[in-house]
Protein chains: 2
Amino acid sequence: MSLPIPGNPVRGSKSGQPIMALFDLLGRNWAMGIVWHLSKSPSTFRQLQAYCESVSPTTLNLRLKELTESHFIERTVNGYTLTEWGKQLFDLLEPMGKFAKGWAGKFK
Amino acid sequence: MSLPIPGNPVRGSKSGQPIMALFDLLGRNWAMGIVWHLSKSPSTFRQLQAYCESVSPTTLNLRLKELTESHFIERTVNGYTLTEWGKQLFDLLEPMGKFAKGWAGKFK
DNA sequence: TAGCACTGCTACAAATAATGTAGCAAAATA
DNA sequence: TATTTTGCTACATTATTTGTAGCAGTGCTA
């Protein structure tokens with residue numbers, strides 16, 4: 001699966017609209033979970049593996065590469081961390097946590 | 001693939017934390033794109049198919065069922081539309097559009 | 001009221017993506 | 001130097017998505 005670059009055709013949008021590229025990227029297994037977790041603290045590969053209970057190292061590695069190439073995360077001496085863009089992205093994801101809790105009430 | 005119900009184990013979270021259930025649901029192919037599009041206008045199955053250029057009817061139908069059971073969309077005489085929860089979800093997704101445009105600049 | 005078009009799907013094989021397990025080389029630690 | 005830990009890679013199995021065909025129901029329209 002290739003990296004969804006905005007401006008280029010991506011899965012589901014020949015025009016490569018940025019929002020579609022972003023949805024393609026974030027929609028991949030574990031992408032949002034990784035960003036979510038890294039917002040709490042920088043983490044090593046193994047820590048992310050432990051956090052994302054059922055991710056395979058194959059997929060985790062692929063996601064990390066994609067998120068790195070997309071400028072959302074980077075690898076430092078402390079492990080993987082969010083970049084400035086990554087932090088901004090998290091700011092958009094963060095309110096979903098509260099929303100999800102309210103939404104969860106629908107299933108009780 | 002079963003519906004990720006918050007409170008139950010979902011892909012990647014045995015505890016079924018709401019945010020993880022939401023990420024699981026929205027992370028599936030086309031889920032965010034469908035919500036995005038329905039925020040513009042109610043749409044029929046075929047309209048969604050045309051919008052989501054490469055979605056297969058199989059997957060589209062599955063996503064529509066999941067989003068319906070998750071209370072984010074519903075089917076009316078005008079086609080599929082967002083529910084109140086769906087609209088709230090879109091309000092969270094919407095800022096990503098602007099963000100994505102800025103992010104796209106990184107790839108020029 | 002017999003066509004014809006359109007809609008909302010279902011079927012199913014082929015292609016693509018993710019998982020699960022094993023394990024290895026490099027770096028850190030003892 | 002011997003372990004342990006880390007960051008992966010390999011690869012077979014399983015799950016998901018695509019792509020294409022097509023069908024039944026509804027609504028025109030002649």
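Reminder, nothing fancy here: chain letters follow the sequence lines and each chain counts from 1. Excluded from the calculations below are hydrogen atoms, water molecules and symmetry mates; all remaining heavy atoms, backbone and side chain alike, are included.
- Between Asn29(B) and the phosphate of dT18(D), there is a side-chain N or O to OP1/OP2 separation shorter than 4.0 Å.
- Residue Thr44(B) has a polar side-chain atom (N or O) positioned under 4.0 Å from OP1 or OP2 of dG8(C).
- Under the side-chain hydrogen bond (donor to acceptor under 3.5 Å, both in side chains) criterion, Thr81(A) pairs with no residue at all, not counting sequence neighbours.
- Here Trp30(A) and Phe23(B) keep their ring centres 6.0 angstrom or further from each other.
- A cation-pi geometry, defined here as NZ or CZ lying under 6.0 Å from the six-membered ring centre and within 45° of its normal, holds between Lys40(B) and Trp36(B).
- Residues from residues 74-81 of chain A with heavy atoms under 4.0 angstrom of DNA chain C: there are none.
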ask   = Along nucleotides 19-25 of chain D, 5' to 3', which nucleotides get a B, which get an S, and which get a -, given that the test is a protein heavy-atom distance under 4.0 Å?
value = BB-----

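- The phosphate of dT17(D) (OP1 or OP2) has no side-chain N or O of Arg28(B) nearer than 4.0 angstrom.
- Counting only distance, with no hydrogens or angles, the side chain of Thr68(B) and the backbone of Leu64(B) share a donor-acceptor pair below 3.5 Å.
- The rotation axes computed at either terminus of the helix from dT1(C)-dA30(D) to dA30(C)-dT1(D) lie 30° apart, taking five pairs at each end and rounding to 10 degrees.
- Every residue meeting the salt bridge (charged side-chain N to carboxylate O under 4.0 Å, His left out) condition with Lys87(A), not counting sequence neighbours, appears here in chain and number order: Glu84(A).
- Residues Gln47(A) and Thr59(B) both approach DNA chain D. Their nearest nucleotides, taken by heavy-atom distance, put Gln47(A) toward the 5′ side.
- By the ring pair (Phe, Tyr, Trp, His ring centres under 6.0 Å) test, Phe45(A) pairs with no residue at all, sequence neighbours left out.
- Considering only side-chain N and O atoms, Trp30(B) lies under 4.0 angstrom from the phosphate OP1 or OP2 of dT18(D).
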